[in-house]
Amino acid sequence: MRKKIIKFLLVILIVVLSGPISIYADKGLMIRECHNARVPTICMQCLESDPASVHADPVGIAGVVIHCLDSNLSVLTNNITKLLLEKEKGGAAIKTALQGCKKDLSEAMTRALPDAKKGLKTGDYDKAGQSIKHALGFPLMCLNNLQSAEFDFPPVYSQINIYAQLSDAAMRIIDRF
């Protein structure tokens with residue numbers, strides 16, 4: 001009976017001690033992949049928000065960052081849509097800029113980012129990187145149009161900035177494949 005208890009405790013000890021070691025090693029990979037991004041903290045926040053990143057290889061980590069891009073773009077599109085509804089009685093230039101943003105962001109969500117995901121899955125990393133770069137152009141054009149219309153709403157600018165930082169991280173991770 002005593003041998004069984006010792007074996008049981010030994011197994012429990014091994015399981016408990018082996019868990020953090022593998023997570024630490026995977027977190028190390030996450031840190032290495034985000035290290036070359038202009039803003040590593042944004043990259044790490046993205047990866048830490050998705051439990052799949054802990055078990056991902058470098059390609060999987062790039063996929064998680066693309067997923068973060070997709071989520072960020074979805075939130076940004078929803079916020080632009082809400083602002084458009086609120087600004088119906090506002091200036092024509094702002095309304096036109098917001099409508100253009102909504103259209104452009106939709107293009108990025110429905111075409112460019114899915115192309116990036118497809119390129120990543122098929123091993124066409126050049127296509128994945130180019131698609132992310134292409135998708136980045138839409139929010140940046142939106143930013144430029146909103147600034148030209150003298151639209152002052154810092155949260156939108158902040159979201160676009162985060163999107164640009166995540167895009168940079170994804171492109172730098174993919175460039176190393």
Side-chain angles (χ1 to χ4, degrees), residues 30 33-34 36-39 42-53 55-88 90-149 151-177:
M30 291 165 45
E33 292 300 323
C34 288
N36 290 328
R38 286 189 190 139
V39 185
I42 295 292
C43 179
M44 284 301 295
Q45 286 172 355
C46 162
L47 294 178
E48 289 173 344
S49 73
D50 191 329
S53 63
H55 304 290
D57 61 0
V59 174
I61 287 176
V64 170
V65 176
I66 292 173
H67 177 73
C68 288
L69 283 169
D70 203 28
S71 297
N72 183 276
L73 206 52
S74 180
V75 169
L76 181 58
T77 301
N78 288 339
N79 289 342
I80 293 287
T81 301
K82 288 177 188 174
L83 287 169
L84 190 55
L85 293 172
E86 293 171 7
K87 297 288 182 187
E88 282 186 2
I94 292 174
K95 185 176 179 181
T96 300
L98 288 170
Q99 287 171 334
C101 286
K102 184 177 175 183
K103 179 180 168 282
D104 291 342
L105 296 177
S106 175
E107 178 79 15
M109 283 179 62
T110 58
R111 296 205 180 165
L113 283 181
D115 285 348
K117 291 176 190 175
K118 183 179 176 185
L120 202 59
K121 284 182 182 176
T122 61
D124 189 351
Y125 304 126
D126 287 339
K127 179 181 180 178
Q130 290 168 354
S131 296
I132 291 168
K133 187 175 183 178
H134 179 67
L136 175 59
F138 294 108
L140 293 180
M141 187 169 34
C142 172
L143 176 69
N144 186 44
N145 292 340
L146 290 172
Q147 287 173 336
S148 295
F151 180 70
D152 185 33
F153 195 71
V156 168
Y157 297 145
S158 177
Q159 287 176 319
I160 292 172
N161 187 37
I162 290 169
Y163 183 87
Q165 293 168 353
L166 285 170
S167 295
D168 172 71
M171 288 186 287
R172 287 174 185 248
I173 290 168
I174 292 169
D175 281 348
R176 292 196 309 272
F177 296 157

Can you tell me if T96 uses its side chain to pair, donor with acceptor, with the backbone of A92 under 3.5 Å?
yes
On a heavy-atom basis, which atom in A135 and which in P139 lie closest, and how many Å separate them?
O-CD, 2.9 Å
Looking just at side-chain N and O atoms, do N79 and Q159 make a donor-acceptor pair shorter than 3.5 Å?
yes
Report, as yes or no, whether the 6.0 Å neighbourhood of atom NZ on K117 holds more than 12 heavy atoms from other residues, nucleotides or ligands.
yes
So with a 6.0 Å cut-off around CZ of R38, is the heavy-atom count from everything else above 12?
no
For the backbone of P58 and the side chain of R176, can you confirm whether one donor and one acceptor N or O come within less than 3.5 Å of each other?
no
Under the side-chain contact (heavy atoms from CB on, under 4.5 Å) rule, what do N145 and M141 come out as? Steps first, then yes or no, please.
CA-CA 6 Å; N145 292 340; M141 187 169 34; 3.9 Å; yes
Value for OG (S53) from CE (M44), rounded to nearest 0.5 Å, stands at 8.0 Å
Give the minimum heavy-atom separation between V65 and C46, together with the two atoms involved.
CA-SG, 3.7 Å
Which heavy-atom pair separates A116 from I132 by the least distance, and what is that distance?
CB-CG1, 3.7 Å
Keeping R172 on the side-chain end and A37 on the backbone end, is there a donor-acceptor pair under 3.5 Å?
no
To the nearest 0.5 Å, how far apart are CG in D115 and CZ in R111?
9.0 Å
Using a 3.5 Å distance criterion without hydrogens, assess whether the side chain of T77 forms a donor-acceptor pair with backbone atoms of L73.
yes
Run C43 and L47 through side-chain contact (heavy atoms from CB on, under 4.5 Å) and show every step you take.
CA-CA 6 Å; C43 179; L47 294 178; 4.2 Å; yes
Please round to the nearest 0.5 Å and tell me the distance separating atom CE of M171 and atom CG of L69.
9.0 Å
Are Y157 and F151 close enough that some pair of their side-chain heavy atoms sits under 4.5 Å apart?
yes
Rounded to the nearest 0.5 Å, what separates atom CG in L105 from atom CD1 in I160?
7.0 Å
Using the side-chain contact (heavy atoms from CB on, under 4.5 Å) rule, take S131 and L113 through it: C-alpha gap first, then chi angles, then the decisive distance, then the call.
CA-CA 6 Å; S131 296; L113 283 181; over 6 Å; no
Determine whether S74 and M109 make a side-chain contact, defined as any pair of heavy atoms from C-beta on separated by less than 4.5 Å.
yes
Is K127 atom NZ crowded by more than 12 heavy atoms from other residues, nucleotides or ligands, each under 6.0 Å away?
yes
For H134 and Q130, what are the C-alpha separation, side-chain angles and deciding distance, and is it a side-chain contact (heavy atoms from CB on, under 4.5 Å)?
CA-CA 6 Å; H134 179 67; Q130 290 168 354; over 6 Å; no
Which atom names give the shortest non-hydrogen contact between A164 and L136, and what distance separates them?
CA-CD1, 3.6 Å
When rounded to the nearest 0.5 Å, the distance separating CG of L166 from CD1 of I66 is 11.0 Å
Ignoring hydrogens and geometry, is there a side-chain-to-backbone donor-acceptor pair from S158 to P154 under 3.5 Å?
no
L83 and F153 have their tightest heavy-atom pair at CD1-CD2, 3.8 Å
From C101 atom SG to F138 atom CZ, the distance as rounded to the nearest 0.5 Å:
12.0 Å
Write down the atom of A149, the atom of A93, and the distance for their closest heavy-atom approach.
CB-O, 3.7 Å
